[in-house]
*Asks:* 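Below is one structure. I have some questions about it.
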Amino acid sequence: MTVAAKISLGCIADDYTGASDLANTLTRAGLRTVQTIGVPADDLALPEVDAVVVSLKSRSIEANLAVSRSRAAETWLRGRGASHVLFKICSTFDSTDAGNIGPVMDALRADCGEAAVLVTPAFPETGRTVYQGNLFVGAVPLNESPLKDHPLNPMHDSNLVRVLARQSKTQIGLVDLATVTRGADAVRARLAELAGKGIGAAIIDAVFDRDLETIGLVAAQHRLSVGASGMGLGLARALVSTGKVTSTAASSEAGAAVGGPAACLAGSCSQATLQQIANAERVMPVLHLDPDRITTGEDEAQRALAWAKPRLADGPVLIASSSTPDQVAALQARHGRDAAGHAIEQAMADIAEGLVRAGVKRLVVAGGETSGAVVDRLKIPGFLVGAEIAAGVPVLRAVGAEKGDMLLALKSGNFGGAEFFSDALGLMR
Ligand SMILES: Nc1ncnc2c1ncn2[C@@H]1O[C@H](COP(=O)(O)OP(=O)(O)O)[C@@H](O)[C@H]1O
Ligand SMILES: O=C(O)[C@@H](O)C(=O)COP(=O)(O)O
């Protein structure tokens, strides 16, 4: 990859929607940013940038694989001059007691020799705030939010000091909001105190963007941080305010129209996506896949493509596997959680491949794992960031893709307004 100058910020994202969310935040804060899929090949030509977000699909894989892939990404980023690396996790801390946030953090920390790592999933713009180490999603604690029903990593504990301690080899401390409110020096002092006690990482409270700005000023002087887009916001603002980044991100190339047929795929079963699908039924044809047939090996993808192709000339279509929490639990009881998730993701990838072969140039995908499967199948090596559709979801322009110019939107299941699918297509011309 051609990154002429040294990059100011290196990021490793544990899924593709999370990566585009972060790339969006960094771009809006003024950093010229590119999102790559995996560690880029040497011959991938990309523009000069301030930040690179390497997207991995490592959130729900075995912890040791997540560690080795994250380490490879870190080596690449440090090799391009990144003195700070942000490990981007989900703003709802999606993980299980087996990992992968703790194991990856431990490995990256050991590699760069960081004494104590700051960790926060706070992202106030999307309602994720952290107080006394407890994560809130909107008005409710994480364990009472829809994340308690996530198909792959249901979240049952809102206390992140406890959650991370179950995953990590180091002790986990807390930097509370009172300390953050006193400013960067107070945070530095607290972090030094924790490090002095041998505590290797701390959940840090944040409720407003100004808290993240304070956190960013401290984190930017360290080698490693762990967080969601809010941590990215803090770091980006620190890099700009201290003059380490002087560019202004604005990629007109990322916004240019591509035309051609459009389609949407939904594999997220989140409450927000279920509502968005219901609303889309009013404005575009919607096909609901049969998850049982997919999991038992029937060719639902061919049925979906036969349904979609004749409709594409008339406007966008939406194909969804999404079900309610009760239906998801019943399917998983019949077939197993991982087998069901994997089969459905692969069916979505088959459908995406068929749609692109049929000429689709604009594709909206809802769901992090689903987006990972689709983007991998389409063999897209990277993205430039275009207009913001909703908080955390930009229009993406594929770079270096075999199929040429394409626009995509990769939506985290929980993000976006009620009319997300039409909002997205409205900006993807
Ligand atoms: N009807 C269904 N029943 C069970 N699992 C499903 C169903 N539809 C999709 N899935 C799986 O649920 C997971 C959703 O995760 P993901 O795509 O990351 O969405 P989100 O962004 O909401 O986390 C995927 O593994 C997907 O294949
Ligand atoms: O931080 C976030 O919430 C998102 O960027 C994210 O990672 C979402 O993951 P999925 O819900 O699995 O798409």
Side-chain angles (χ1 to χ4, degrees), residues 11 13-25 35 53 55-61 86-95 101 120-123 125-128 135 137 142 145-147 149-155 226-233 265-274 276-277 288-295 300 319-349 351 365-375 390-394 409-416:
C11 307
D14 69 353
D15 84 344
Y16 297 5
T17 45
S20 70
D21 164 18
L22 176 61
N24 178 57
T25 294
Q35 173 182 354
V53 183
S55 328
L56 301 180
K57 195 174 184 294
S58 59
R59 188 175 292 172
S60 307
I61 61 176
L86 165 61
F87 172 38
K88 160 68 176 69
I89 56 160
C90 190
S91 66
T92 47
F93 220 77
D94 293 17
S95 52
I101 298 172
T120 188
F123 188 20
E125 199 185 345
T126 55
R128 277 59 156 164
L135 175 57
V137 178
L142 176 66
S145 79
L147 270 297
D149 298 315
H150 192 279
L152 302 179
N153 33 248
M155 299 303 291
V226 177
S229 250
M231 182 65 99
L233 179 94
L265 296 174
S268 164
C269 299
S270 79
Q271 219 172 65
T273 302
L274 293 174
Q276 290 156 355
I277 295 168
H288 292 273
L289 298 170
D290 181 338
D292 251 316
R293 277 174 51 89
I294 295 176
T295 318
E300 270 290 270
I319 298 169
S321 68
S322 320
S323 306
T324 61
D326 287 351
Q327 292 166 327
V328 169
L331 186 88
Q332 291 181 339
R334 286 194 294 278
H335 304 289
R337 184 192 66 175
D338 292 345
H342 181 75
I344 295 170
E345 286 169 33
Q346 288 312 306
M348 283 300 194
I351 295 168
V365 189
E369 297 296 329
T370 310
S371 296
V374 165
V375 169
V393 197
L410 308 179
K411 186 191 84 75
S412 154
N414 300 296
F415 285 176

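Counting convention: from 1, in listed order, for ligands and their atoms alike. Excluded from the calculations below are hydrogen atoms, water molecules and symmetry mates; all remaining heavy atoms, backbone and side chain alike, are included.
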*Asks:* Check T370 against G267 and note the closest heavy-atom contact, atom names and distance.
*Replies:*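 Heavy atoms only, the tightest pair is OG1-CA, 3.4 Å.
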*Asks:* Look only at interatomic distance and state if R59 has a nitrogen or oxygen under 3.5 Å from any nitrogen or oxygen of ligand 2.
*Replies:* yes
*Asks:* Counting only heavy atoms not in H342, do more than 12 fall under 6.0 Å of its NE2?
*Replies:* no
*Asks:* Mind checking whether C90 and D15 have side chains closer than 4.5 Å, heavy atoms only?
*Replies:*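 No, side chains not in contact.
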*Asks:* Quick check: do S95 and N153 have side-chain heavy atoms less than 4.5 Å from each other?
*Replies:*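 No. Closest side-chain heavy atoms not under 4.5 Å.
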*Asks:* For ligand 1, which atoms, with element, lie under 4.0 Å from some heavy atom of G341?
*Replies:*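 Going through ligand 1 atom by atom, the ones under 4.0 Å from G341 are 25 (O), 27 (O).
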*Asks:* So which protein heavy atom does atom 19 (O) of ligand 1 come closest to, and at what separation?
*Replies:* G367 CA, 3.4 Å
*Asks:* Just list the side-chain donor-acceptor pairs under 3.5 Å for residues 327-337, sequence neighbours left out, or say none.
*Replies:*
{"unit_1": "Q327", "atom_1": "OE1", "unit_2": "T324", "atom_2": "N", "d": "3.0"}
{"unit_1": "Q327", "atom_1": "OE1", "unit_2": "T324", "atom_2": "OG1", "d": "3.0"}
{"unit_1": "Q332", "atom_1": "NE2", "unit_2": "P151", "atom_2": "O", "d": "2.9"}
{"unit_1": "R334", "atom_1": "NE", "unit_2": "D292", "atom_2": "OD1", "d": "3.3"}
{"unit_1": "R334", "atom_1": "NE", "unit_2": "D292", "atom_2": "OD2", "d": "3.4"}
{"unit_1": "R334", "atom_1": "NH2", "unit_2": "D292", "atom_2": "OD2", "d": "2.6"}
{"unit_1": "H335", "atom_1": "NE2", "unit_2": "D292", "atom_2": "OD1", "d": "2.7"}
{"unit_1": "R337", "atom_1": "NH1", "unit_2": "L152", "atom_2": "O", "d": "2.7"}

*Asks:* For S412, is at least one N or O under 3.5 Å away from an N or O on ligand 2?
*Replies:* yes
*Asks:* Report the part of P291 in contact with ligand 1, treating N, CA, C, O as backbone and CB onward as side chain, heavy atoms under 4.0 Å; options are side chain, backbone, both, neither.
*Replies:* side chain
*Asks:* Which ligand 2 atoms, with their elements, are less than 4.0 angstrom from a heavy-atom of C90?
*Replies:* 1 (O), 2 (C), 3 (O), 6 (C), 7 (O), 8 (C), 9 (O)
*Asks:* Can you list the atoms of ligand 1 that are under 4.0 Å from a heavy atom of S323?
*Replies:* 1 (N), 2 (C)
*Asks:* By number and element, which atoms of ligand 2 are closer than 4.0 Å to a non-hydrogen atom of D15?
*Replies:* 7 (O), 9 (O), 10 (P), 12 (O), 13 (O)
*Asks:* Under 3.5 Å, N or O to N or O, is H342 touching ligand 1 that way?
*Replies:*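 No, there is no polar N/O contact under 3.5 Å.
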*Asks:* Taking C-beta and beyond as the side chain, do V375 and K57 meet within less than 4.5 Å on heavy atoms?
*Replies:* no
*Asks:* Between S91 and ligand 2, is there a nitrogen or oxygen pair with a distance under 3.5 Å?
*Replies:* yes
*Asks:* Side chains of F123 and L233, heavy atoms from C-beta outward: is any pair under 4.5 Å?
*Replies:* no
*Asks:* For ligand 1 and T370, I'd like to know whether there is a polar contact (N/O to N/O, distance under 3.5 Å).
*Replies:*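 Among all N and O atoms of T370, at least one is under 3.5 Å from an N or O of ligand 1.
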*Asks:* When you measure from the side chain of E369 to the backbone of E345, do you find a donor-acceptor pair of N or O atoms at a distance under 3.5 Å?
*Replies:* no
*Asks:* Closer than 4.0 Å to some heavy atom of D21 - which atoms of ligand 2 meet that?
*Replies:*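 Close to D21: 1 (O), 2 (C), 4 (C), 5 (O).
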*Asks:* Tell me which one of H150, K57, R59 gets a heavy atom nearest to atom 15 (O) of ligand 1.
*Replies:* H150
*Asks:* Do the non-hydrogen side-chain atoms of K88 and V53 ever get within less than 4.5 Å of each other?
*Replies:* no
*Asks:* Between CD1 of I351 and CD1 of I319, what distance do you get to the nearest 0.5 Å?
*Replies:*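 Here the rounded value is 5.0 Å.
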*Asks:* Any atom of ligand 1 sitting under 4.0 Å from a heavy atom of A340?
*Replies:*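 Distance cut 4.0 Å: A340 fails for ligand 1.
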*Asks:* If you measure from each non-hydrogen atom of T17 to ligand 1, which part falls under 4.0 Å: side chain, backbone, both or neither?
*Replies:* neither
*Asks:* Has the side chain of Q35 got a donor or acceptor atom that lies under 3.5 Å from a matching backbone atom of D21?
*Replies:* no
*Asks:* Tell me every residue that passes side chain to side chain donor-acceptor pair (under 3.5 Å) with T273, counting only those two or more places apart in sequence or in another chain.
*Replies:* S268, S270, K411
*Asks:* Compare all side-chain heavy atoms of M231 with those of V226 and state whether any distance is below 4.5 angstrom.
*Replies:* no
*Asks:* So is there a nitrogen or oxygen of K88 less than 3.5 Å from a nitrogen or oxygen in ligand 2?
*Replies:* yes
*Asks:* Nearest to atom 22 (O) of ligand 1, what protein heavy atom do you find, and at what distance?
*Replies:* S268 OG, 2.7 Å
*Asks:* Examine S321 against ligand 1 and note whether any of their N/O atoms are separated by less than 3.5 Å.
*Replies:* yes
*Asks:* Which one of Q271, E345, K411, E369 has a non-hydrogen atom at the shortest distance from atom 25 (O) of ligand 1?
*Replies:* E345
*Asks:* Please could you name the atoms of ligand 1 that P151 approaches to less than 4.0 Å, counting only its heavy atoms?
*Replies:* 12 (O)
*Asks:* Give the atom numbers and elements of ligand 2 that come within less than 4.0 Å of a heavy atom of F415.
*Replies:* 2 (C), 3 (O), 4 (C)
*Asks:* Between N414 and V137, is there a side-chain heavy-atom distance shorter than 4.5 Å?
*Replies:* no
*Asks:* Closer than 4.0 Å to some heavy atom of L331 - which atoms of ligand 1 meet that?
*Replies:*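 The atoms of ligand 1 under 4.0 Å from a heavy atom of L331 are 3 (N), 4 (C).
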*Asks:* Could you check whether any side-chain N or O of Q276 sits under 3.5 Å from a backbone N or O of G416, counting only pairs where one atom can act as donor and the other as acceptor?
*Replies:*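 It does hold such a pair.
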*Asks:* Starting from atom 13 (O) of ligand 2, locate the nearest protein heavy atom and write down its residue, its atom name and how far away it is, to 0.1 Å.
*Replies:*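 Ranking protein heavy atoms by distance from atom 13 (O) of ligand 2, first comes T17 OG1, 2.6 Å.
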*Asks:* Given side chains that start at C-beta, do those of T92 and M155 come closer than 4.5 Å, heavy atoms only?
*Replies:*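 No, too far: nothing below the 4.5 Å cut-off.
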*Asks:* With only distance considered, is I344 within less than 3.5 Å of ligand 1 through an N or O on each side?
*Replies:*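 Such a contact does not occur with ligand 1.
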*Asks:* Say whether G413, considering both its backbone and side-chain N or O atoms, lies within less than 3.5 Å of an N or O atom on ligand 1.
*Replies:*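 By distance alone, the answer is yes.
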*Asks:* So is there a nitrogen or oxygen of H150 less than 3.5 Å from a nitrogen or oxygen in ligand 2?
*Replies:* no
*Asks:* Find all atoms of ligand 2 within a distance of less than 4.0 Å from any non-hydrogen atom belonging to G413, and give their numbers and elements.
*Replies:* 11 (O), 13 (O)
*Asks:* For G267, counting its heavy atoms only, list the atoms of ligand 1 lying under 4.0 Å from any of them.
*Replies:*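 Counting from 1, the qualifying ligand atoms are 8 (N), 9 (C), 10 (N), 12 (O), 14 (C), 26 (C).
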